[in-house]
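Chain A is the first sequence line, chain B the second, and so forth, proteins listed ahead of strands; every chain is numbered from 1. Just so you know, these numbers use all the heavy atoms, side chains as well, and skip hydrogens, waters and symmetry mates.
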Number of protein chains: 2
Amino acid sequence: MQPRTHVTLEDVARAADVSLATASRALNGMRVTPQLRDRVLAAAEQLAYTPNAHARALAGASHRTVGVICHDVSDPYFAAVAGGVMRIAGDNDLLVMLASTFRDPEREIAYVSMLRAERAPAILLIGSGFEDARWERALDAELKPYLDGGGRVAVVSRHRSLKVDSVLPENRAGAAAMARALLDLGHRRFAVLAGPPALTTVADRLGGFRDELTKAGVSLDPADIMEGPFTRDGGYRAMTELLARGLTATCVFALTDVMAIGACAALRDHGLSVPDDVSVAGFDDIPIVRDLTPPLTTVALPLQQLGEKAMELALTENTGRRRRILRMGGEVVVRASTAKLN
Amino acid sequence: MQPRTHVTLEDVARAADVSLATASRALNGMRVTPQLRDRVLAAAEQLAYTPNAHARALAGASHRTVGVICHDVSDPYFAAVAGGVMRIAGDNDLLVMLASTFRDPEREIAYVSMLRAERAPAILLIGSGFEDARWERALDAELKPYLDGGGRVAVVSRHRSLKVDSVLPENRAGAAAMARALLDLGHRRFAVLAGPPALTTVADRLGGFRDELTKAGVSLDPADIMEGPFTRDGGYRAMTELLARGLTATCVFALTDVMAIGACAALRDHGLSVPDDVSVAGFDDIPIVRDLTPPLTTVALPLQQLGEKAMELALTENTGRRRRILRMGGEVVVRASTAKLN
DNA sequence: CTCGGCCCTGAATGCGCTTTCAGTAAGCGC
DNA sequence: GCGCTTACTGAAAGCGCATTCAGGGCCGAG
């Protein structure tokens with residue numbers, strides 16, 4: 001009952017009356033006389049022995065705890081991706097150290113450093129990066145020695161200058177497809193709820209959307225593009241602002257579903273109906289949007305798979321000389337939040 | 001560039017031309033001649049040195065990685081609670097090892113064991129327990145030596161026979177309050193979407209609801225109680241089954257919001273309107289239900305706070321001799337998914 | 001019956017770090 | 001200028017485990 005005193009392998013060995021080495025071997029399933037093995041196992045069981053993972057890692061056994069860094073676990077997007085990560089981790093008997101940065105670059109770098117200290121065999125970075133390129137460089141500086149030391153890094157939905165394996169959503173193609181779908185519905189006047197333009201996710205989605213519009217001879221007035229944080233409230237406020245300015249668009253494209261949800265709420269609070277008055281479309285296809293009224297038209301991303309694939313990338317050796325890049329998703333799912341323009 | 005080779009403290013010491021002990025002290029902010037300290041710090045910086053957390057933990061320095069076990073991070077309920085946990089963890093420079101059990105008892109116990117092996121100073125268990133009491137005992141057996149070894153355990157929404165600090169939602173009182181609210185609306189015939197009755201969460205919510213109904217002279221027909229997993233699809237299927245049997249209730253109480261969402265979808269697919277044809281109420285107040293159409297009437301739980309408080313409990317010494325128990329939430333929030341019965 | 005060979009066991013080493021413990025140089029008063 | 005305290009520094013021990021290296025028992029073969 002004395003605090004911080006743990007049963008050690010030596011205790012087990014003594015209880016089983018064998019040497020430390022034998023006890024270690026018995027517990028690790030190496031060849032040992034069955035009778036001795038049983039004695040050791042019984043002693044371990046009886047003493048409620050748990051090997052010290054630190055000692056084990058220090059002594060050279062590989063460490064089974066990987067690191068995952070995301071912006072915010074409570075965001076449905078990250079929660080879904082994290083779900084996939086967890087599934088693969090669980091299947092491989094891995095523990096996951098999950099860190100939420102809350103979009104604080106400093107914190108993200110600190111977490112990488114901690115994960116490096118933990119000698120995590122792999123680190124996953126989930127989500128778009130920082131608005132400031134200096135932070136990206138600082139992150140690179142932290143990642144570099146980790147990679148050089150044999151660490152594995154994989155990212156989801158995030159461009160990196162370093163050679164790391166990536167799982168990337170089809171942001172540009174998906175947004176373009178959405179543009180076509182909305183044009184097909186007859187819309188010609190659009191508003192976009194965007195995020196910080198420095199994020200590649202924003203640049204790609206916005207770019208893909210705008211370019212496709214341009215191809216069709218439709219232009220996107222900069223005044224119809226509202227920036228805001230990638231949150232429900234960010235969407236709500238951006239939409240409200242757009243409304244205050246006098247909305248001329250017949251269709252609003254939010255760069256993330258979460259923003260779209262906020263936008264719908266703002267429209268509703270403004271007495272407008274979706275899709276009768278305004279069509280709304282999102283991006284990501286987080287699980288809940290199916291159950292909204294009306295269900296949200298969006299660009300589908302296989303969120304759970306994004307996490308699964310990233311974990312798999314991080315777990316398998318990259319034998320090639322180039323970074324592996326998986327592009328996924330991007331199909332438009334038309335639901336009831338968008339209507340034909342009559 | 002040789003794999004798995006890390007810069008060690010010894011390398012730093014050599015580079016700074018000081019002893020290992022001095023290097024350690026300089027890095028840990030103990031009193032060292034400024035000049036030496038600078039040399040050490042510079043060398044560390046230059047070599048991109050990261051202390052080995054394992055060696056450090058082994059050598060006695062306290063370890064700053066706590067464990068959190070939940071059923072599924074991608075469930076909005078857990079995601080929200082985890083968000084609170086992460087916030088407090090971040091504020092305390094703690095790394096969180098998050099494990100998803102996917103409701104597999106064996107896996108949960110394995111995770112506790114791994115966390116024990118990691119010598120995590122604290123373990124948080126989030127979510128209702130197992131249906132089978134034998135698993136609960138097995139978990140106790142795993143937890144016991146951890147507690148004896150000085151480990152701290154806190155649970156959220158989960159009764160335990162062991163003396164551990166707890167954050168408990170006001171399940172019984174909340175459900176009772178919901179019953180009153182629904183009775184006040186004029187409803188007399190109810191259906192309940194429940195989960196496995198062995199879970200205390202289910203027993204408390206169902207019990208509180210039923211008892212309050214009984215007080216008002218209203219009885220709950222067992223045939224109107226449908227069990228199902230605590231998931232969206234569980235709610236959908238349970239509701240569908242109820243509908244297939246011929247629904248007589250005017251109001252459906254789902255024991256979790258996630259189930260309520262499924263129920264609403266089933267009703268809609270069945271051509272029924274909420275709340276015009278059937279009122280629906282939930283429990284938990286996960287963030288999204290505010291944005292549903294109609295917004296869901298539910299029993300509010302301060303989900304993020306649940307996580308925050310649990311983390312705080314786990315981080316502070318329990319000086320008293322009794323386990324600390326925090327009861328939170330339980331207020332009914334009436335929204336548009338429930339209507340007055342005319 | 002004896003010797004070589006094999007397999008299993010136990011003693012000892014080292015992983016990287018923190019932390020005594022002892023030692024040395026500097027600083028002070030007389 | 002001498003002896004003593006004070007303040008750092010450096011050597012070394014040890015955290016708990018995996019693992020290497022010898023040593024010893026047992027077997028079969030000669």
> Is any side-chain N or O of A:S24 closer than 4.0 Å to OP1 or OP2 of D:dC17?
Replying inline: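 Indeed not, no polar side-chain atom of A:S24 lies that close.
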> Reckon B:S19 has a side-chain N or O less than 4.0 Å from the OP1 or OP2 of D:dT9?
Replying inline: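 False: B:S19 side-chain N/O out of range (4.0 Å or more) of D:dT9 OP1/OP2.
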> Pairs in or reaching into residues 77-105 of chain A: which pass ring pair (Phe, Tyr, Trp, His ring centres under 6.0 Å), with residues at least two apart or in two chains?
Replying inline: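 Found A:H71-A:F78.
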> Between the two end axes of the helix from C:dC1-D:dG30 to C:dC30-D:dG1, each built from 5 base pairs, what angle do you get to the nearest 10°?
Replying inline: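 Its terminal axes enclose an angle near 50°.
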> Do any of residues 25-42 of chain A sit with a heavy atom less than 4.0 Å from DNA chain D, and if so which?
Replying inline: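 Within residues 25-42 of chain A, the residues near DNA chain D are A:R25, A:N28.
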> Hey, can you pull the residues of residues 45-53 of chain B with a non-hydrogen atom under 4.0 angstrom from DNA chain D?
Replying inline: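 Correct list: empty, so none.
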[X] [atom1] - [N] [atom2] separation (whole Å):
X	N	atom1	atom2	result
B:L20	C:dT19	CG	P	13 Å
A:E10	D:dC15	CD	P	8 Å
A:D11	D:dG16	CG	P	9 Å
B:L58	C:dT19	CG	P	13 Å

>> Holding to salt bridge (Lys or Arg N to Asp or Glu O under 4.0 Å), I want the full list of residues that pass it with A:E131, two or more places apart in sequence or in another chain.
In response: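 If we apply the salt bridge (Lys or Arg N to Asp or Glu O under 4.0 Å) test to A:E131, skipping adjacent residues, there are no hits.
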> Mind checking what makes side chain to side chain contact (heavy atoms under 4.5 Å, CB included) contact with B:R324, not counting sequence neighbours?
Replying inline: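 For B:R324, the residues satisfying side chain to side chain contact (heavy atoms under 4.5 Å, CB included) (neighbours in sequence not counted) are B:R152, B:D165, B:L313, B:T316, B:N318.
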> Between the side chains of B:S128 and B:R158, does any donor sit under 3.5 Å from an acceptor?
Replying inline: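 No.
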>> Can you tell me which residue among A:E118, A:H63, A:R56, A:R119 is in a side chain to side chain donor-acceptor pair (under 3.5 Å) with B:H54?
In response: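 Looking at A:E118, A:H63, A:R56, A:R119, the match for B:H54 under the side chain to side chain donor-acceptor pair (under 3.5 Å) is A:H63.
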>> The side chain of B:A21 is closest to which nucleotide in this list: D:dA11, C:dG16, C:dG10?
In response: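 Among the listed nucleotides, the one closest to the side chain of B:A21 is D:dA11.
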> Taking the side chain of A:T22 as heavy atoms from C-beta outward, which of C:dT9, D:dT19, C:dC17 is closest to it?
Replying inline: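 Of the candidates, C:dT9 comes closest.
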> Counting only N and O atoms by type, is there a donor-acceptor contact under 3.5 Å from the side chain of A:D11 to the main-chain atoms of A:V7?
Replying inline: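 No, the answer is negative, given that no donor and acceptor are paired below the 3.5 Å cut-off.
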